[in-house]
Number of protein chains: 2
Amino acid sequence: MARPRKPLLSRERIVSAALALVDAEGLQSVSTRRLAAELGVSGPSLYNHFATKDEILDAVADTVVAQVDLSMFDGGPDWRAALLGWGRSYRAALTAHPHIVPFLAQGPGRRPAGLRMADAVFGGMTAAGWPPAHATRIGALMRYFVAGSALGSFARGFVDDASAYDPADYPHLGQAHLLADHQHRVDEGAFETGLTALVDGLVLQYQRLTAIGG
Amino acid sequence: MARPRKPLLSRERIVSAALALVDAEGLQSVSTRRLAAELGVSGPSLYNHFATKDEILDAVADTVVAQVDLSMFDGGPDWRAALLGWGRSYRAALTAHPHIVPFLAQGPGRRPAGLRMADAVFGGMTAAGWPPAHATRIGALMRYFVAGSALGSFARGFVDDASAYDPADYPHLGQAHLLADHQHRVDEGAFETGLTALVDGLVLQYQRLTAIGG
DNA sequence: ACCTGAACACCGTTCAAGT
DNA sequence: ACCTGAACACCGTTCAAGT
């Protein structure tokens with residue numbers, strides 16, 4: 001068979017198969033041949049729809065980021081609640097597809113969903129009274145925190161094996177092996193603690209700013 | 001030539017050549033054959049010193065994290081200053097070798113330098129009066145923020161091309177293409193703003209905690 | 001336009017062979 | 001013990017050929 005009367009592939013079909021494969025088996029398992037096999041075609045077929053494999057993964061990353069709720073930014077002047085809500089939705093979108101996060105972090109500048117997000121945050125913060133330079137920084141620092149939390153699950157690093165943590169080497173890590181069990185709880189707790197601290201700290205800065213300004 | 005009278009390679013030589021190659025050309029350029037060529041040997045020779053390529057990269061990541069200054073944690077009870085100093089040193093160590101950061105984030109649990117760091121932070125925070133559960137979270141959330149900031153330079157995402165940001169699509173990104181120029185400044189500003197906010201927010205939490213406790 | 005198989009220049013890793 | 005070349009099962013991507 002050569003060219004079929006109706007196309008076998010489409011960008012959407014390729015992207016959703018790639019996302020399913022990433023979720024099921026991780027980034028490593030996404031090769032062009034493997035992905036093509038999953039779609040019932042041969043490897044080179046993909047190049048009729050995307051120029052490179054990276055372009056496919058870019059599109060996958062974009063659909064993940066597109067899941068982030070941005071509605072809180074056209075609401076009103078409660079930027080504190082908006083940041084909290086956005087942060088949680090952003091993190092939820094990433095942790096739903098953890099294997100794509102390392103790729104996602106490589107630079108969202110050309111991905112529409114990332115741009116929409118940056119635009120919404122900037123617009124929301126400036127509308128709430130933040131100067132433009134601050135609004136830019138807030139968008140960036142929130143992204144750092146959320147991406148970092150989704151990427152490197154802190155607790156995932158600890159092995160479920162007491163012998164790995166000799167108290168002579170690490171006097172304070174006696175319970176570290178237990179963390180493997182509580183992985184989720186530690187990550188969620190650290191994320192919530194950090195998110196709250198971040199927003200609380202920004203409130204202080206906002207107060208200083210308006211005290212000087214007004 | 002087969003086995004030389006004195007070994008041509010050592011783990012240290014391999015790791016430092018790998019780090020130099022990562023810094024010069026990025027993670028993608030580190031293949032076993034290329035790295036071996038850089039060392040004047042053939043590809044499979046590396047397997048006499050490391051079991052896998054990932055083990056080599058793990059060792060590279062470890063040497064990077066080993067650069068982080070941890071002295072502030074055995075100083076005294078000023079946990080605020082310790083977190084600020086640690087955060088800056090941590091970020092400096094990572095941004096000195098940006099190409100290894102995506103790999104580094106994959107999980108530091110088995111890397112000695114990462115464990116020493118976690119241990120020092122935990123010890124410092126508990127010594128300063130934080131309950132153990134909080135100390136764990138603080139170590140994690142700081143790592144999220146620093147890793148995120150080193151990994152995904154926010155500004156790097158924006159292209160130096162005004163036409164990429166149609167105001168019809170992104171009403172608030174009119175100046176976005178200028179960010180490419182100010183990349184460093186934006187990242188540093190966002191990092192400092194976020195670090196300060198984070199620590200300020202933790203101070204509030206600490207006050208609440210001790211107010212309830214005492 | 002959209003698929004195919006063959007081909008190119010790579011990978012990480014294994015292994016028998018050499019000293 | 002530590003290096004080598006050959007080999008295995010893969011890669012991403014190109015391209016001429018088919019309809």
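Every chain is numbered from 1 and lettered A, B, ... according to where its sequence line falls, protein lines coming before strand lines. The structure presented is a predicted model; accordingly, all values stated were derived computationally and were not measured.
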Could you go through nucleotides 13-15 of chain D and list every protein N or O atom that sits under 3.5 Å from one of its N or O atoms, giving the distance for each pair?
residue, atom, partner, partner atom, Å
D/dT13, OP2, A/Y47, OH, 2.5
D/dT13, OP2, A/K53, N, 2.8
D/dT13, O5', A/Y47, OH, 3.2

Min side-chain heavy-atom separation A/H49-A/E12 under 4.5 Å: no
Options C/dT4, D/dC2, C/dC2, nucleotide nearest the side-chain atoms of B/R3: D/dC2
Phosphate-side-chain proximity, A/S42 and C/dT4, N/O vs OP1/OP2 below 4.0 Å: yes
A/A20 backbone acceptor or donor facing A/D23 side chain under 3.5 Å: no
Nearest-Å distance for atom pair CG/P, residues B/L39 and D/dC3: 10 Å
OP1 or OP2 of D/dC11 under 4.0 Å from side-chain N/O of A/S31: yes
Residues which pass ring pair (Phe, Tyr, Trp, His ring centres under 6.0 Å) with A/Y170, listed by chain and number, not counting sequence neighbours: none
Pairs where residues 40-53 of chain B contributes a residue and the test salt bridge (Lys or Arg N to Asp or Glu O under 4.0 Å) is met, not counting sequence neighbours: none
Between C1' of D/dG12 and CD of B/Q28, the distance in whole Å: 11 Å
Spacing between A/L27 atom CG and D/dG12 atom C1', to the nearest angstrom: 15 Å
d(CZ, B/F50; C1', D/dC2) in whole Å: 15 Å
Spacing of B/L8 atom CG relative to D/dA1 atom P, expressed in whole Å: 17 Å
Under the ring pair (Phe, Tyr, Trp, His ring centres under 6.0 Å) test, residues paired with B/H134 that sit two or more places apart: B/W130
Rounded distance in Å - NZ (A/K6) to C1' (D/dT19): 18 Å
Between C/dG12 (P) and B/L35 (CG): distance, integer Å: 9 Å
Phosphate OP1/OP2 of C/dA1: any A/H49 side-chain N/O under 4.0 Å: no
Paired stretches of DNA chain C - 3 or more consecutive Watson-Crick or G-U pairs, each distance under 3.5 Å: C:4-8 with D:12-16, C:12-16 with D:4-8
Atom-pair distance (CG on A/N48; P on D/dG18), nearest Å: 17 Å
A/S71-A/D69 side chain donor-acceptor pair, cut-off 3.5 Å: yes
side-chain hydrogen bond (donor to acceptor under 3.5 Å, both in side chains) assessment of A/Y144 paired with B/D187: CA-CA 10 Å; A/Y144 298 161; B/D187 275 333; 2.5 Å; yes
salt_bridge(A/D200, A/R80) N-O dist < 4.0 Å: yes
Residues which pass ring pair (Phe, Tyr, Trp, His ring centres under 6.0 Å) with B/F191, listed by chain and number, not counting sequence neighbours: B/F145
